[in-house]
Amino acid sequence: MYILGMESSCDETSAAVVRAKDGRLEILSNIVASQIETHRLYGGVVPEIASRAHIEAVTGITREALEGAGISLCDVGAVAVTAFPGLIGALLVGVNFAKSLAFANHIPLVAVNHIKAHVAAAYLSCEALKPPFLAVVVSGGHTSIYDVRDPIDFEEIGATRDDAAGEAFDKIGRVIGLPYPGGAALDKLAYEGDAHAIKLPSPALGKDTLDFSFSGLKTAALNYINHCNQQQLEVPRADLAASYTEAIVAGVAAKAEQALLQTGRKTLVLAGGVAANSHLRRRLESVCAAHGVSMCVPPLSLCGDNGAMVAAAGYFEYEAGHFAATDLNASAQDPANWRV
Ligand code: KG4
Ligand code: ZN
């Protein structure tokens with residue numbers, strides 16, 4: 001069976017074809033049209049511009065995905081589309097396009113939760129992966145820990161109470177003059193600095209919770225930068241990048257370790273755009289090694305937003321018989337019960 005996956009929740013328009021055969025998922029094409037260059041001028045994603053750019057890209061990249069997979073629309077067994085959470089205007093472009101395509105061609109339509117899709121990217125790269133496992137999802141809009149009981153049954157056991165890890169990286173990256181999005185640039189710059197040079201608060205909250213808070217860390221870093229500016233001192237960018245990264249990495253690793261001990265799970269999946277962070281990947285690898293836990297992190301191409309992860313998540317919803325109808329709507333927030 002071929003699943004066409006469509007993603008447009010933020011600043012990437014993507015379409016992909018994934019083949020499901022004997023329970024195995026294989027990527028046949030995964031076309032991503034990134035809008036990063038367009039939004040860079042503004043230092044962040046401008047929702048209205050994002051929606052327009054999705055409209056311009058969506059037809060072409062869908063055609064490319066089908067051609068790349070060597071199939072035509074009549075071979076597609078399901079169209080899977082990210083319906084939530086995300087920027088509402090951006091989501092609506094993908095949802096309406098997928099709805100039209102599915103109903104005009106009599107193809108079943110499946111609505112996908114973007115966060116579950118990030119986790120589903122792991123099935124595409126770790127063939128032996130099977131629930132139950134813990135999933136640490138770190139992205140531009142989310143930072144959460146899930147106990148994954150089966151591919152569509154997730155329990156959120158920890159979450160940020162304010163900003164997401166990716167937002168925190170991007171904000172400080174912007175303030176110290178790195179190009180948008182700051183996460184990848186900070187990752188590199190952190191190698192040049194001293195991770196213990198600047199004392200910053202941890203985003204990991206107390207021992208009785210698996211929650212995070214990144215706003216205090218962000219404010220402390222901004223105060224440090226303001227202090228340097230007031231004193232007419234040059235901001236030690238590399239030391240700040242290293243210390244800030246260390247605070248985020250240590251905080252996420254601490255809660256991941258606590259969650260592993262609390263649940264006794266023996267597999268950990270790291271997913272979402274910030275899973276591309278090399279420091280975080282290494283730290284979690286050593287946490288997992290210390291506890292005899294196996295770890296699955298998708299390759300960089302599957303960490304950021306992409307259609308293949310949506311197709312993978314859509315396959316599991318399809319298997320569960322969760323189909324969407326013509327009244328499918330997009331939603332900016334996660335629906336409370338995780339069901340479509
Ligand atoms: O998952 P994603 O593509 O979009 C959302 O669903 O939010 O994540 C984008 C985020 C951005 O904040 C970006 O700065 C961050 O992922 N990111 C990184 C790295 N690469 C991307 N953050 C830290 N280190 C990286 N290497
Ligand atoms: Zn994402």
Side-chain angles (χ1 to χ4, degrees), residues 5-14 16 30 32-37 39-40 43-45 47 50 54 81-88 90-91 94 112-122 135-144 146 159-160 163-176 178-191 203 214 217-218 241-242 244-253 269-284 297-310 312-313 332-334:
M6 314 235 25
E7 161 63 36
S8 71
S9 66
C10 191
D11 59 350
E12 260 99 28
T13 324
S14 182
N30 192 16
V32 180
S34 174
Q35 304 172 8
I36 281 180
E37 292 304 325
H39 297 292
R40 187 161 281 160
V45 178
H54 286 307
V81 62
T82 300
F84 51 86
L87 299 172
I88 190 68
L91 286 164
V112 165
N113 181 321
H114 183 77
I115 308 301
K116 285 186 176 178
H118 271 301
V119 175
V136 175
V137 181
V138 273
S139 74
H142 295 85
T143 301
S144 295
Y146 298 96
T160 179
D163 307 319
E167 252 177 291
F169 272 124
D170 294 346
K171 173 74 185 181
I172 295 307
R174 184 162 68 230
V175 174
I176 65 171
L178 298 175
Y180 171 82
L186 275 171
D187 187 344
K188 278 205 198 87
L189 187 58
Y191 284 101
F214 290 88
L217 168 64
K218 228 170 66 176
Y244 193 69
T245 298
E246 171 60 25
I248 294 178
V249 167
V252 173
V269 166
L270 176 63
V274 181
N277 188 275
S278 60
H279 310 270
L280 181 61
R281 291 163 90 97
R282 255 205 325 276
R283 187 71 54 88
L284 283 183
V297 197
L300 296 193
S301 60
L302 294 177
C303 285
D305 294 345
N306 67 88
M309 69 183 197
V310 179
Q333 306 295 333
D334 293 13

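Read the numbers this way: they start at 1 and go in the same order the structure lists the ligands and their atoms. As a basis for the values below, the full set of heavy atoms in this structure was taken, side chains included, without hydrogen atoms, waters or symmetry mates.
Within the model, atoms CD of Glu7 and CG of Asn30 stand 10.5 Å from one another, a figure rounded to the nearest 0.5 Å. Going from atom CD1 of Ile172 over to atom CG of Leu186 covers 8.5 Å, rounded to the nearest 0.5 Å. Taken from CG in Leu300 to CG in Asn277, the straight-line distance is 10.5 Å, to the nearest 0.5 Å.
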N or O contacts of ligand 1 with protein under 3.5 Å, please list pair by pair.
unit_1: ligand 1; atom_1: 1 (O); unit_2: His118; atom_2: NE2; d: 3.0
unit_1: ligand 1; atom_1: 1 (O); unit_2: Gly273; atom_2: N; d: 3.0
unit_1: ligand 1; atom_1: 1 (O); unit_2: Asp305; atom_2: OD1; d: 3.3
unit_1: ligand 1; atom_1: 3 (O); unit_2: Asp305; atom_2: N; d: 3.3
unit_1: ligand 1; atom_1: 3 (O); unit_2: Asp305; atom_2: OD1; d: 3.3
unit_1: ligand 1; atom_1: 4 (O); unit_2: Asp305; atom_2: OD1; d: 3.4
unit_1: ligand 1; atom_1: 4 (O); unit_2: Asp305; atom_2: OD2; d: 3.3
unit_1: ligand 1; atom_1: 6 (O); unit_2: His114; atom_2: NE2; d: 3.1
unit_1: ligand 1; atom_1: 6 (O); unit_2: Asp305; atom_2: OD1; d: 3.4
unit_1: ligand 1; atom_1: 7 (O); unit_2: Gly140; atom_2: N; d: 2.8
unit_1: ligand 1; atom_1: 7 (O); unit_2: Gly141; atom_2: N; d: 3.2
unit_1: ligand 1; atom_1: 8 (O); unit_2: Gly140; atom_2: N; d: 3.3
unit_1: ligand 1; atom_1: 12 (O); unit_2: Gly166; atom_2: O; d: 3.3
unit_1: ligand 1; atom_1: 12 (O); unit_2: Asp170; atom_2: OD1; d: 3.4
unit_1: ligand 1; atom_1: 12 (O); unit_2: Asp170; atom_2: OD2; d: 2.7
unit_1: ligand 1; atom_1: 14 (O); unit_2: Asp170; atom_2: OD1; d: 2.6
unit_1: ligand 1; atom_1: 14 (O); unit_2: Gly183; atom_2: N; d: 3.3
unit_1: ligand 1; atom_1: 24 (N); unit_2: Gly183; atom_2: O; d: 3.3
unit_1: ligand 1; atom_1: 24 (N); unit_2: Asn277; atom_2: ND2; d: 3.0
unit_1: ligand 1; atom_1: 26 (N); unit_2: Asp187; atom_2: OD2; d: 2.9

Notebook entry, point to check: Given Asp170 and Arg174, is the side chain to side chain contact (heavy atoms under 4.5 Å, CB included) satisfied, shown in steps?
Noted result: CA-CA 6 Å; Asp170 294 346; Arg174 184 162 68 230; 5.5 Å; no
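Under the ring pair (Phe, Tyr, Trp, His ring centres under 6.0 Å) criterion, His279 pairs with Tyr191, sequence neighbours left out. Here Asp305 pairs with His114, His118 under the side-chain hydrogen bond (donor to acceptor under 3.5 Å, both in side chains) rule; sequence neighbours left out.
The main-chain N or O of Gly272 is never found under 3.5 Å from a side-chain atom of Ser139 such that the two would form a donor-acceptor pair. Side chain of Ser8 to backbone of Ala90: a donor-acceptor contact under 3.5 angstrom is found.
Under 2.8 Å from the Zn ion (ligand 2), one finds the following protein N/O/S atoms: His114 NE2, His118 NE2, Asp305 OD1.
Residues Phe214 and Ile248 have side chains in contact (heavy-atom distance under 4.5 Å, counting atoms from C-beta outward).
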